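What you are looking at is a predicted structure, and each value in this text was computed from that prediction instead of being measured.
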Amino acid sequence: MKKRRILGIDPGLASTGFGIIDYEDNRMKLVAYGVIETKAEEKHGTRLVAIYNKLCAVISEYQPAEAAMETLYFAKNVTSAMAVAEARGVVALCLAQHCIPCGEYTPNQIKQSVTGTAGADKKLVEKYVKLLLGLETEPKPDHAADALAGAITHLNFSSVLQRL
């Protein structure tokens with residue numbers, strides 16, 4: 001079976017989490033994870049360019065073939081929802097320019113896929129990501145754990161589709 005490398009992304013203007021997993025011989029393996037951070041005092045456009053450039057560097061270094069990203073949910077705070085939407089747009093552009101197909105999943109789909117319950121909180125998601133990837137500790141910060149959960153979800157959903 002061919003190795004699959006999946007990039008999970010948890011987009012945000014202040015913190016964009018990323019997580020990369022490999023899947024080979026029916027096993028998931030952690031490759032890398034981290035957070036792309038921007039500072040609130042920077043100009044808005046500068047922050048978006050930084051996300052784009054740093055994500056391009058991650059893609060260049062790790063060469064993922066597939067990606068996953070959480071869909072935008074309707075937040076009570078319209079201002080923060082707009083910032084997340086803009087970060088998602090930058091991420092989508094970067095993936096498209098690198099010809100990386102991206103699956104999009106709702107927060108509930110991700111929680112359900114990783115923990116077995118759509119109502120899971122962040123701590124439970126982190127615990128299951130740790131267990132599923134055989135890690136010694138939960139991945140931190142939570143944006144990176146969410147990105148890894150997205151990658152795991154993509155693997156789960158795409159594996160089901162391949163069997164159909």
Side-chain angles (χ1 to χ4, degrees), residues 4-23 26-38 47-48 51-52 54-55 58-59 62 64-133 135 138-164:
R4 295 173 62 191
R5 179 158 287 179
I6 303 166
L7 167 64
I9 302 165
D10 180 34
L13 185 60
S15 296
T16 293
F18 68 89
I20 301 161
I21 63 170
D22 280 347
Y23 182 72
N26 294 320
R27 297 183 67 109
M28 286 184 275
K29 179 183 168 197
L30 173 68
V31 175
Y33 66 89
V35 176
I36 298 166
E37 295 182 323
T38 66
R47 295 174 80 182
L48 294 172
I51 293 167
Y52 175 84
K54 290 175 183 173
L55 184 58
V58 167
I59 290 170
Y62 295 104
E66 308 167 55
M69 183 167 38
E70 188 174 288
T71 59
L72 184 62
Y73 56 93
F74 292 98
K76 292 178 183 168
N77 185 338
V78 175
T79 304
S80 66
M82 291 295 291
V84 172
E86 290 174 335
R88 283 186 90 252
V90 166
V91 168
L93 172 65
C94 185
L95 294 172
Q97 287 184 326
H98 288 86
C99 301
I100 300 172
C102 183
E104 296 188 34
Y105 306 96
T106 67
N108 284 351
Q109 284 177 313
I110 293 171
K111 293 173 189 175
Q112 177 76 40
S113 175
V114 173
T115 70
T117 177
D121 63 10
K122 285 197 175 285
K123 292 236 183 267
L124 189 60
V125 170
E126 289 173 9
K127 179 180 177 180
Y128 272 82
V129 167
K130 172 190 161 193
L131 291 170
L132 290 168
L133 294 175
L135 306 177
E138 285 86 1
K140 297 286 184 186
D142 60 349
H143 293 291
D146 289 347
L148 287 166
I152 293 167
T153 299
H154 181 73
L155 179 62
N156 290 339
F157 272 75
S158 58
S159 294
V160 167
L161 290 174
Q162 288 176 356
R163 288 192 298 259
L164 295 178

Drop me the distance from [X]'s [atom1] to [Y]'s [atom2], to the nearest 0.5 angstrom.
X: Leu148; Y: Thr153; atom1: CG; atom2: OG1; answer: 10.5 Å
X: Cys94; Y: Ile9; atom1: SG; atom2: CD1; answer: 7.5 Å
X: Thr117; Y: Tyr128; atom1: OG1; atom2: OH; answer: 9.5 Å
X: Lys130; Y: Leu132; atom1: NZ; atom2: CG; answer: 12.0 Å
X: Lys127; Y: Thr115; atom1: NZ; atom2: OG1; answer: 11.0 Å

Min side-chain heavy-atom separation [X]-[Y] under 4.5 Å:
X: Tyr62; Y: Val31; result: yes
X: Gln109; Y: Phe157; result: yes
X: Ile6; Y: Ile152; result: no
X: Leu124; Y: Asp121; result: yes
X: Lys122; Y: Asp146; result: yes

May I ask you to decide if [Y]'s main-chain N or O and [X]'s side chain share a donor-acceptor pair within less than 3.5 Å?
X: Arg47; Y: Ala87; answer: no
X: His154; Y: Gly150; answer: no
X: Thr38; Y: Leu13; answer: yes

Open item on the list: Check Lys140 with Glu126, please: is the shortest side-chain N to carboxylate O separation under 4.0 Å?
Closed with: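 Answer for the salt bridge query: yes.
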
Open item on the list: Exactly one of Met28, Glu66, Arg5 should register a side-chain contact (heavy atoms from CB on, under 4.5 Å) with Tyr23. Which one does?
Closed with: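 When side-chain contact (heavy atoms from CB on, under 4.5 Å) is applied between Tyr23 and each of Met28, Glu66, Arg5, only Met28 qualifies.
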
Quick one: closest heavy-atom pair of [X] and [Y], and the distance?
X: Pro101; Y: Ala65; result: CD-O, 3.3 Å
X: Thr71; Y: Pro107; result: OG1-CD, 4.0 Å
X: Ala145; Y: Val129; result: O-CG2, 3.9 Å
X: Asp10; Y: His143; result: OD2-ND1, 2.9 Å
X: Ile51; Y: Gly12; result: CD1-O, 3.6 Å
X: Ile100; Y: Pro64; result: CD1-O, 3.7 Å

Open item on the list: Is a donor from one side chain sitting under 3.5 angstrom from an acceptor on the other, for Asn108 and Tyr105?
Closed with: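 No.
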
- [ ] Indicate whether any N or O donor in one side chain lies under 3.5 Å from an N or O acceptor in the other, for Tyr52 and Gln97.
- [x]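 Yes.
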
- [ ] Go through the steps for Thr16 and Leu55 under the test side-chain contact (heavy atoms from CB on, under 4.5 Å), then give the verdict.
- [x] CA-CA 9 Å; Thr16 293; Leu55 184 58; 5.9 Å; no

Open item on the list: As a quick check of understanding, evaluate side-chain contact (heavy atoms from CB on, under 4.5 Å) for Lys111 and Val125, giving each step before the final call.
Closed with: CA-CA 7 Å; Lys111 293 173 189 175; Val125 170; 4.1 Å; yes

